[in-house]
Amino acid sequence: MSNDYKDSLLLPQTKFPMRGNLGNNEPLMQEEWNKIKLYEKRLAKNKKNEEYVLHDGPPYANGDIHIGHALNKVLKDFVLRYKSMKGYYTRYVPGWDTHGLPIETALVRTKKVNRNLIDKVEFRKMCSAYALEQVEKQKVQFKRLGILGEWNNPYITLDAKYEASQLRIFANMVSKGLIFKGLKPIFWSPSSETALAEAEIEYHDKKSPSIYVAMDSVEKLDIFEEDFKYLIWTTTPWTIPANLAIAVGDQIKYSFIKVNNVNYLVATELITELTNILEWENVEIIKEVKGNKLEGLTYKHPLYDRISPIVLGHHVTIEGGTGLVHTAPGHGEDDFIIGQQYGLDILCPVDSKGYMTAEAGKYEGEFIEDCNKSVVNDLHDLGYLLKLSWITHSYPHDWRTIKPVIFRATAQWFASIESLKDDMLKEIKNVTWYPKWGELRMANMVKDRKAWCISRQRTWGVPIPVFYNEDGTEILDKEVINHIADIFETEGSNAWYLKTAKELLPVGYTNPASPNGVFIKETDILDVWFDSGTSHHGGMKDFGLPYPSDLYLEGSDQYRGWFNSSLSTGVASIGESPYKTCLTHGFVLDGDGRKMSKSLGNVIDPLKIMKQSGADILRLWVASVDYQSDVRISNDMMKQVSESYRKIRNTIRFMLGNLFDFDPSKNKVDYKDLAEVDQYLTLKLNDLVKKTINSYDHFEFDTVYRDITNFVTRELSAFYLDFTKDVLYIVQANNHNRRSIQTVLYDTTLTLLKLLTPFLPHTTHEAYLHLPHHQYSNMYLENMPEFVEYGDQELITKYDRFMEVRDNILKALEEARNEKVIGKSFNAKLTLYPEGEVKELLSNMNTNLGQIFIVSQFEIKEGTGKYKFNNLTIDVEKAEGETCDRCWQIVEKTHNGLCQRCENIIK
RNA sequence: AGGCUUGUAGCACAAUGGUAGUGCAUCGGUCUUAUGUGCCGGAGGUUGUGGGUUCGACUCCUGCCAAGCCUACCA
């Protein structure tokens with residue numbers, strides 16, 4: 001019986017299971033890593049080496065992590081693990097962004113907190129507790145991904161130390177004159193008397209008056225020497241008192257038209273529409289003029305004795321209205337920007353409750369809705385109103401009171417960007433950007449940037465540490481702010497609310513503008529982008545990490561966000577970008593390339609994937625995609641990645657199995673003594689190392705993934721591991737050929753485990769523990785393999801060519817199989833008839849070719865065979881003879897069922 | 001509307017301006033000494049689309065379409 005000899009074979013033996021069961025095993029492994037302090041161990045190993053710092057961008061502490069977080073953190077772990085295994089001293093301090101509106105609203109929603117009734121400090125304490133809960137939750141989820149770092153020593157923007165650090169940057173910027181106060185229109189809710197953030201706005205339909213108003217031109221023009229009126233349209237008549245300009249589009253064509261002996265100027269393309277709406281008859285088009293010719297002309301305000309200019313506005317369109325836009329810088333974002341450009345006042349004759357102020361003249365005291373009526377009536381009486389109708393349109397409302405909101409200019413704090421721009425642009429050039437277009441995108445963004453509004457009328461954040469004097473002037477004093485920073489550092493920012501101004505100011509502080517020693521505290525807080533934007537200090541320098549960091553790695557939305565705010569504050573305070581390299585990843589879309597959303601039901605949950613398939617599967621997906629553009633994820637893709645994972649895992653398992661009796665310290669064969677094909681494999685592996693290290697260095701993880709999987713499938717599984725079985729299983733344990741092959745397998749296994757550890761840290765560690773005579777207690781303590789100069793390029797060239805010839809031979813064997821000449825290749829007798837270059841090649845092959853082709857009988861002869869290829873013809877016949885019960889080769893004659901080779905071995 | 005980006009086989013990715021390839025999936029075959037495994041082979045493409053430059057375009061230019069990020073707009 002053939003089975004009798006099975007025990008005499010050296011079949012693979014390993015306890016490394018075929019299935020990973022990652023969902024269950026990974027958490028146990030992570031616990032173990034935590035217990036043995038793996039992160040610290042690796043750091044200690046690199047202690048004396050060069051430092052490499054990836055500074056973590058803080059995720060917002062709210063909700064479960066989503067697939068985008070997973071992509072981000074996994075990519076970071078790839079970099080960190082790779083760099084660590086390269087020997088760099090690579091600390092990783094994770095961070096969290098914990099202030100801001102979403103947490104305020106989460107409390108209001110989930111904990112039913114009534115903001116109007118609760119004490120400010122009490123509310124802030126609740127926010128803090130909630131944020132820290134979220135941090136802990138996300139921490140667990142991030143760790144589940146297999147990310148190593150200082151999870152017990154993170155930077156959190158609500159920490160007292162962090163807040164203090166942030167204020168010191170603010171103080172620094174104050175001392176450089178970069179912080180100033182100005183007016184800016186923002187969403188304002190008269191019903192709740194508060195500023196609103198965009199997130200607190202709901203859009204509802206609202207019925208509004210729609211009015212067309214004619215305003216008298218002051219000048220007559222060379223090209224049109226008659227009086228005329230500028231025609232504007234608005235749905236907010238109450239803003240007419242604040243009108244300070246009319247905006248036109250510079251490329252839009254306008255026409256002077258005559259209707260019932262009155263001349264109007266309107267956009268040419270809107271004449272027909274307006275004729276209908278205004279029920280005009282006999283419209284006479286007189287002259288056309290381009291918008292840019294109108295700039296600088298003036299008109300009379302219809303209600304006041306005021307002359308205002310015609311200005312150019314990029315926002316002006318001909319999609320509706322008249323093509324001339326009523327402009328009130330105190331009541332609209334664009335109006336405001338144009339106002340800035342033209343040096344207009346920011347007139348805002350409306351108080352916090354929505355009543356007109358004295359600046360509105362006769363309308364003082366009227367609520368805006370009433371003012372609408374008054375203004376319309378007056379315009380009508382004065383003959384400036386051409387039409388009043390009512391329209392229903394989508395309009396912003398206060399999400400709580402469901403009452404309409406208005407745009408209202410209010411005093412805000414700004415950080416000057418203008419004076420930093422040149423330095424920022426210079427720094428952008430010095431940063432290395434991945435992908436390359438990042439530089440362009442960033443530069444464009446910075447060029448367009450206006451002053452940064454850093455104040456928010458909220459509660460949950462870092463207070464702006466400014467006091468007001470008795471005369472209303474603000475105290476912008478570096479020393480004072482640093483003093484506040486010191487207080488925050490020990491007491492936290494609640495001190496701002498718990499202490500009086502006197503207690504907060506330095507002892508004995510006086511100011512000429514406050515002769516009675518009375519000071520008022522600012523109530524605004526800092527924009528959360530200022531929080532996270534200063535993390536290069538609070539989360540980096542303060543942790544003993546160098547400035548600038550080596551790498552920032554975030555999603556492409558952060559060009560506008562964190563990269564930008566960090567660069568601003570970095571250049572402002574240090575004069576240098578906080579990052580040397582900036583690497584961005586795309587967004588995760590569904591299988592069809594569409595954005596994920598709850599309503600579409602196409603959201604993929606990383607926690608679920610990890611539970612079902614494992615973090616290593618998720619990580620391998622990250623490795624497999626071109627993350628620098630947008631990436632897709634779908635169940636099909638996860639299936640594909642799982643297949644790929646199984647291939648890798650099983651190949652490693654097979655190699656481990658064939659190393660069960662291999663001790664490198666005793667059995668290792670020197671390179672020069674390896675069989676030729678074993679040398680070839682060593683060289684191919686060496687090439688893989690070179691390519692892979694290079695790809696890792698350039699953050700090209702998908703190339704690493706592809707090169708490795710190709711190597712595993714082609715070089716190993718389909719070639720080397722297939723034919724070497726005839727040696728590994730059959731010959732004596734200590735046979736030189738066998739040890740030679742095992743040397744390659746050992747080298748290959750260890751090298752692959754090393755190269756794969758950034759991607760599959762759980763799997764490689766598990767496999768490593770099953771690798772006989774491994775050196776360290778943990779895979780992660782190994783270093784990356786290094787490229788070796790063997791100087792044997794000729795051997796590679798020769799074998800690469802041979803592999804092409806091999807393809808032909810395999811084809812011939814396949815055809816013979818289709819013709820039922822043979823089944824498995826061991827049944828075959830293979831005869832080659834090479835010519836020319838192939839003949840030369842084969843004669844140079846210093847190896848057992850029959851073994852490589854896994855045939856029982858092999859010959860090279862002169863002549864012509866049945867299967868024809870370039871410079872090679874081939875015959876495949878059924879091998880005649882008897883099958884050896886042990887090695888299954890067909891030989892001419894067996895003794896007791898064994899071939900000569902096996903008989904010798906058994907003895 | 002503007003800035004930036006992406007579009008190659010079912011999927012993931014390649015291709016100094018020079019015959020469109022690799023892996024996975026699929027289909028067919030084969031082994032059972034890697035067995036929830038291995039090996040071999042086949043099929044699969046007007047490179048989103050219309051123009052242009054060129055002897056020659058996946059590659060360069062341009063219009064359009066689709067998708068994504070960020071701005072802005074809705075008076």
Side-chain angles (χ1 to χ4, degrees), chain A residues 2-3 5-6 9-12 14 18-19 203 208 210 232-236 239 247 313-317 319-322 324-328 331-335 337 393-396 435 437-438 440-445 447-449 555-561 564 584 586-589 591-595 621 624-626 628-632 634 636-637 639-641 643-644 646-647 650-651 653-655 657-658 702-703 705-707 709-710 712-714 717-719 721-723 725-726 728-730 807 810-811 813-815 817-818 822-827 854 886-888:
Chain A
S2 62
N3 271 351
Y5 293 109
K6 197 163 179 178
L9 295 173
L10 298 165
L11 294 178
T14 180
M18 185 168 280
R19 304 176 67 191
Y203 283 80
S208 298
S210 158
I232 63 104
W233 172 63
T234 183
T235 56
T236 51
T239 63
H314 286 286
H315 65 299
V316 180
T317 66
E319 269 157 41
T322 64
L324 295 99
V325 177
H326 152 58
T327 298
H331 293 298
E333 184 87 32
D334 264 316
D335 305 37
I337 292 166
H393 59 162
S394 174
Y395 190 87
W437 50 257
L440 180 65
R441 182 165 176 178
M442 192 68 181
N444 283 344
M445 205 86 83
K447 275 179 201 151
D448 287 346
R449 263 191 82 181
S556 56
D557 53 336
Q558 300 305 333
Y559 286 106
R560 186 67 192 193
N564 209 314
T584 61
F587 274 66
V588 185
L589 311 174
D592 299 321
R594 279 169 200 286
K595 194 208 293 242
W621 164 75
S624 74
V625 295
D626 175 15
Q628 293 186 22
S629 11
D630 289 345
V631 297
R632 299 177 181 203
S634 62
D636 278 352
M637 276 173 80
K639 228 161 96 187
Q640 191 174 311
V641 169
E643 285 299 320
S644 172
R646 274 162 61 175
K647 180 77 185 182
N650 207 242
T651 303
R653 175 171 181 270
F654 183 64
M655 292 193 288
N658 281 302
D702 61 323
T703 310
Y705 167 80
R706 234 161 298 287
D707 287 343
T709 48
N710 277 347
V712 166
T713 41
R714 301 167 81 168
S717 193
F719 174 60
L721 298 182
D722 202 25
F723 81 82
K725 284 182 275 195
D726 186 58
L728 289 167
Y729 297 177
I730 308 299
D807 283 342
L810 291 176
K811 241 168 222 149
L813 287 168
E814 178 67 15
E815 283 187 42
R817 195 172 289 129
N818 289 339
I822 56 163
K824 57 179 172 178
S825 59
F826 251 156
N827 295 142
I854 322 181
R886 186 168 174 274
C887 74
W888 295 353

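Sequence lines set the chain letters: A, B, ... in the order given, protein chains first and strands last, and positions in each chain run from 1. Hydrogens, waters and symmetry mates are skipped; everything else that's a heavy atom, side chains included, is used.
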Note to self: Can you tell me the base-pairing partner of G41(B)? Count Watson-Crick or G-U wobble geometry only, both distances below 3.5 Å, and say none if there is no partner.
What the structure shows: C27(B)
Note to self: Applying the Watson-Crick and G-U wobble criteria at under 3.5 Å, what pairs with C64(B)? Answer none if nothing qualifies.
What the structure shows: G48(B)
Checklist line | 5' priority, RNA chain B, between Thr234(A) and Val641(A) [closest heavy atom] | finding: Val641(A)
Notebook entry, point to check: Between Thr703(A) and Ile730(A), which is nearer to the 5' end of RNA chain B once each is assigned its nearest nucleotide?
Noted result: Thr703(A)
Next item on the list: Dump the intermediate steps for side-chain hydrogen bond (donor to acceptor under 3.5 Å, both in side chains) on Thr236(A) and His331(A), then the final yes or no.
Entry: CA-CA 10 Å; Thr236(A) 51; His331(A) 293 298; over 6 Å; no
Is [X] near enough to [N] that one of its side-chain N or O atoms lies under 4.0 angstrom from OP1 or OP2?
X         : N      : value
Lys725(A) : U33(B) : no
Ser717(A) : C39(B) : yes
Lys647(A) : C39(B) : yes
Lys824(A) : C40(B) : no

Checklist line | Any side-chain heavy-atom pair of Val631(A) and Leu589(A) under 4.5 Å | finding: no
Describe the nucleic acid contact of [X] in one word from base, sugar-phosphate, nothing, applying a heavy-atom distance below 4.0 Å.
X         : answer
Ser644(A) : nothing
Leu9(A)   : base
Glu643(A) : sugar-phosphate
Lys639(A) : nothing
Tyr559(A) : nothing
Asn650(A) : base
Arg560(A) : sugar-phosphate
Gly593(A) : sugar-phosphate
Met442(A) : nothing
Thr709(A) : nothing

Next item on the list: Could you tell me whether the side chain of Trp437(A) has a donor or acceptor atom within less than 3.5 Å of a complementary atom in the base of U5(B)?
Entry: no
Donor-acceptor under 3.5 Å ([X] side chain, [Y] main chain):
X         : Y         : result
Asp630(A) : Gly586(A) : no
Ser644(A) : Gln640(A) : no
Asn444(A) : Arg441(A) : no
Ser825(A) : Ile854(A) : yes

Check: Parallel, tilted or perpendicular: which describes the rings of Tyr729(A) and Phe654(A), with under 30° parallel and over 60° perpendicular?
Finding: perpendicular
Considering only the [atom1] atoms, how many Å lie between [N] and [M], rounded to the nearest integer?
N      : M      : atom1 : answer
C11(B) : G29(B) : P     : 27 Å
U30(B) : U22(B) : C1'   : 24 Å
U53(B) : U59(B) : P     : 15 Å
G21(B) : G44(B) : C1'   : 14 Å
C58(B) : U49(B) : P     : 11 Å
U37(B) : C24(B) : P     : 14 Å
U62(B) : A20(B) : C1'   : 24 Å
U47(B) : U19(B) : C1'   : 15 Å

Nearest whole Å is fine: how far is [N] [atom2] from [X] [atom1]?
X         : N      : atom1 : atom2 : result
Leu589(A) : U5(B)  : CG    : P     : 17 Å
Arg632(A) : A12(B) : CZ    : C1'   : 11 Å
Leu721(A) : C39(B) : CG    : P     : 9 Å
Asp702(A) : C11(B) : CG    : P     : 17 Å
Arg441(A) : U6(B)  : CZ    : P     : 11 Å
Asp592(A) : G7(B)  : CG    : C1'   : 14 Å
Phe719(A) : C40(B) : CZ    : P     : 11 Å
Asp707(A) : A12(B) : CG    : P     : 19 Å

Notebook entry, point to check: Just wondering, more than 12 heavy atoms not from Lys824(A) lying within 6.0 Å of its NZ?
Noted result: yes
Note to self: Which nucleotide wins on minimum distance to the side chain of Met18(A), given the candidates G41(B), A34(B), C11(B)?
What the structure shows: A34(B)
Next item on the list: Please tell me which of the listed nucleotides, C39(B), A34(B), G68(B), lies nearest to the side chain of Ala718(A)?
Entry: C39(B)
